[in-house]
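Below: one structure, written as structure tokens.
Throughout, protein chains are lettered first and strands after them, A, B, ... in sequence-line order, and every chain is numbered starting at 1. All of these numbers come straight from a predicted model, not from anything done at the bench.
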2 protein chains.
Amino acid sequence: MSVSKPSIHDVATLANVSKSLVSLALMGSPKVGEESRAKILVAAETLGYRKNAAARTLAAKRSKTIGVLVLDLHNPVFAEILDGVQIEMRKNGFTTMLVSGGEDPVFEQSDIETLLQFQIEGLILISHRLAPERLAAIAAEVPTVVVTRSDIQLPAMDTVSNDDVAGTGLAVDFLVTLGHSKIVCLSGGENPPSNSRVQGYLQAMERNNLSESARVVPGGLSDATGYAAATKALKLSPTALVVANDFAAMGAIAAIQEAGLRVPEDISVIGYDGISIGGLKNVNLTTVSQPLAELGTLAATRLVERINNPKEPAKQITVSAQLLVRGTTKEPTGATELAN
Amino acid sequence: MSVSKPSIHDVATLANVSKSLVSLALMGSPKVGEESRAKILVAAETLGYRKNAAARTLAAKRSKTIGVLVLDLHNPVFAEILDGVQIEMRKNGFTTMLVSGGEDPVFEQSDIETLLQFQIEGLILISHRLAPERLAAIAAEVPTVVVTRSDIQLPAMDTVSNDDVAGTGLAVDFLVTLGHSKIVCLSGGENPPSNSRVQGYLQAMERNNLSESARVVPGGLSDATGYAAATKALKLSPTALVVANDFAAMGAIAAIQEAGLRVPEDISVIGYDGISIGGLKNVNLTTVSQPLAELGTLAATRLVERINNPKEPAKQITVSAQLLVRGTTKEPTGATELAN
DNA sequence: ACCTTTCGTTGGAACGTTCCAACAACTATG
DNA sequence: CATAGTTGTTGGAACGTTCCAACGAAAGGT
């Protein structure tokens with residue numbers, strides 16, 4: 001009944017039991033007598049008692065908390081993955097601590113340091129910019145699952161990602177089915193997922209016997225870089241563009257329209273990721289959509305498994321992407337003329 | 001040198017000093033001798049020592065941590081506000097714990113409960129769906145700053161928000177300057193910020209002597225609701241639309257285009273918020289932009305002040321919005337014809 | 001040479017929990 | 001009727017820090 005926050009001890013004296021029994025009751029132990037349990041619950045309620053997570057963590061030697069680092073909170077892709085993570089973690093009784101380094105490896109490192117100070121039991125990295133050796137050091141300290149990147153594989157680290165090669169293949173195959181052959185790829189720059197997507201493009205062009213018309217224009221993952229890359233790509237007079245991600249695809253569309261051409265009548269465009277704004281009525285972007293929330297839940301369930309059974313070997317989980325046909329793709333006009 | 005994580009005590013024995021001195025050194029106390037400090041730092045480094053935040057919080061009786069609840073991580077508005085918060089909090093040596101209730105008041109409540117268990121010293125609510133009495137209970141327990149909503153004011157709670165009435169006025173005034181008079185407002189539904197924006201529209205129409213042509217069409221804050229509202233609004237044959245937020249404005253634009261009209265040639269559209277995707281080249285939305293990051297830093301500095309000086313009275317801080325003219329506004333074609 | 005201050009350092013108490021061994025009061029067992 | 005469980009409860013130790021009062025040594029003032 002002190003002036004400061006009530007502790008378990010205050011609850012105990014009010015309920016006329018020992019502090020140990022209060023602890024047991026609040027943890028939901030079945031060994032607590034019905035009568036005492038009721039008394040304790042009432043006492044806790046009247047005092048407005050709230051558990052002290054710091055003390056709990058210290059005494060129990062486990063925090064029931066996991067950390068999540070996301071590359072960039074501005075990109076809705078990550079919010080959707082996070083949804084999946086949160087839902088699953090709540091189910092398993094874990095608290096999620098979320099940090100974002102804002103694409104800066106230095107911040108990422110110090111944020112992870114903070115998470116570790118909070119005694120997190122596991123870590124999910126939703127994309128990251130960490131060097132492999134830093135990653136290895138982290139994975140050695142705490143069970144770690146990396147989402148979205150599968151390029152770095154470590155024995156102690158799980159990965160959950162989509163199959164970029166196959167996904168991009170889906171896009172190319174679809175365009176070929178529509179009758180396109182002058183299909184240009186705008187790359188996402190020099191980073192692992194983008195490389196796989198280019199790979200997927202090249203393989204798909206080959207299997208459709210279009211190897212010699214395959215063209216890759218270097219680009220990036222943002223609106224602006226997509227715009228710039230598309231401007232260059234237009235000189236190749238393509239009938240379709242396969243772009244590294246949805247943001248860049250939106251930039252590409254702007255470039256096409258500014259050049260006086262129409263999407264999809266003159267040029268078809270396909271993005272990658274399936275971000276929700278791509279579905280906005282005035283965007284309506286055809287895209288290869290990753291099951292984002294599913295990536296999140298998979299990562300979370302995997303991490304929980306790992307926490308409960310640390311000696312289990314790491315897994316590499318791959319989910320398949322899916323083509324989402326919306327309004328930016330169409331048969332090429334005058335297919336014969338362009339068949340060349 | 002135990003098998004488990006090194007504690008301050010392990011560092012002490014290795015450096016041949018007392019644990020108290022290690023604590024002092026690691027907190028950066030100036031009373032520690034130069035020689036000892038060096039020894040301790042080396043020892044900590046070689047052991048890979050890391051502070052235990054739980055123990056620290058327990059002993060120091062303060063967590064150096066604040067909590068942030070955001071309404072919805074999918075909406076980039078909130079990510080941008082968060083940027084401001086994070087930067088400022090880092091500067092002040094606080095760790096930020098981020099949670100999102102996903103627009104569900106029940107989750108919001110339980111998330112805040114979790115934050116309080118972690119002994120947060122302050123709370124920032126970036127929009128919320130909490131009932132006023134819940135809010136009051138929370139603000140009574142921990143210094144609280146509400147960002148984006150200024151409708152509920154409590155003696156123990158600061159608010160930081162933009163002036164929606166003035167902001168919407170800016171949009172209307174600009175359209176009038178361009179020569180528009182048939183300006184229709186698409187509301188954002190029944191919630192406090194949306195009501196203020198409608199208010200701002202009505203006041204601005206009045207001061208421009210356009211009261212009798214003022215029309216408000218009920219809508220919402222999403223793409224879909226904006227689309228629906230715009231479809232209805234078109235029957236009023238407006239030359240310009242003032243929309244509750246950017247997402248709804250994008251929906252509205254789609255509706256206009258589907259009706260065979262062009263933006264901005266036939267109808268001008270202005271949104272509200274200034275989300276970054278509004279700047280994408282193929283969106284290019286004219287909007288009333290809030291200084292989002294600034295809202296964040298203001299909230300954070302305010303909270304730190306409050307934590308350091310709890311008896312200070314609460315403040316209501318208002319920042320002004322700014323018109324961001326991009327590509328969805330233009331003089332009405334044949335202004336005379338439409339002047340009516 | 002003495003007292004006083006300053007500097008660097010120390011052990012121990014606290015913080016609010018969980019965990020464990022121990023125990024009293026019953027109930028069942030042979 | 002003694003023994004063995006079972007059920008509910010308990011005090012105390014531990015967790016890894018910070019904080020505080022206290023202290024020895026060196027330095028300064030008279």
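Here the C1' atom of nucleotide dT10(D) and the CG atom of Leu21(A) are 9 Å apart, to the nearest Å. Atom OH in Tyr49(B) sits roughly 10 Å away from atom P in dG16(D) (whole-Å rounding). One can place CG of Asn52(B) at 18 Å from P of dA14(D), the figure rounded to the nearest angstrom. For the pair Gln119(B) CD and dG16(C) C1', the computed distance is 9 Å after rounding to whole Å. One can place CD1 of Ile8(A) at 13 Å from C1' of dC15(C), the figure rounded to the nearest angstrom. Rounded to whole angstrom, the span from the NZ atom of Lys5(B) across to the P atom of dA14(D) amounts to 20 Å. Rounded to an integer number of Å, the gap from CG of Leu26(A) to C1' of dT17(C) is 11 Å. Note: CD (Gln117(A)) to P (dG16(D)) measures 15 Å, nearest angstrom.
Close to dT17(D), at under 4.0 Å from its OP1 or OP2, lies no side-chain N or O of Ser23(B). Checking the phosphate oxygens (OP1, OP2) of dG16(C), no side-chain nitrogen or oxygen of Ser7(A) falls inside 4.0 Å.
Both Leu58(B) and Lys31(B) lie close to DNA chain C; mapped to their nearest nucleotides by heavy-atom distance, the more 5′-ward contact belongs to Lys31(B). When the nearest nucleotides of DNA chain C are assigned to Arg37(B) and Val22(A) by heavy-atom distance, the more 5′-ward of the two goes with Arg37(B). The 5' end of DNA chain D is approached more closely, in terms of each residue's nearest nucleotide, by Glu34(A) than by the other of Ala59(A) and Glu34(A).
Between Thr114(B) atom OG1 and Met97(B) atom CE the span is 7.5 Å, to the nearest 0.5 Å. Rounding to the nearest 0.5 Å places CD of Glu294(A) at 11.5 Å from CD1 of Ile81(A).
Judged by distance alone, with hydrogens and angles left aside, Lys19(A) brings a side-chain donor or acceptor within reach of the base of dG12(D), the pair sitting under 3.5 Å. Contact annotation: side chain of Ser20(B) to base of dG11(C), donor-acceptor pair present below 3.5 Å.
Because its NZ or CZ atom is not both nearer than 6.0 Å to the ring centre of Phe107(B) and within 45° of the ring axis, Arg129(B) does not count as a cation-pi partner of that residue.
Residue-level contact check: Arg50(B) touches the backbone only, with heavy atoms under 4.0 Å from sugar-phosphate atoms and none from bases. Residue Ser36(B) is in sugar-phosphate contact alone, with no base atom involved, counting any heavy-atom pair closer than 4.0 Å across all strands shown.
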For residues 28-37 of chain A, please give each side-chain donor-acceptor pair under 3.5 Å, one per line with the distance, not counting sequence neighbours.
unit_1   : atom_1 : unit_2   : atom_2 : d
Ser29(A) : OG     : Lys31(A) : N      : 3.2
Arg37(A) : NH2    : Ser29(A) : O      : 2.6

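Of the candidates dT17(D), dT17(C), dT9(D), the closest approach to any side-chain atom of Arg56(B) belongs to dT17(D). Nearest nucleotide to the side chain of Leu24(A), out of dT18(C), dT18(D), dT10(D): dT10(D).
For residues 16-25 of chain B, no residue pair satisfies the side chain to side chain donor-acceptor pair (under 3.5 Å) rule, not counting sequence neighbours.
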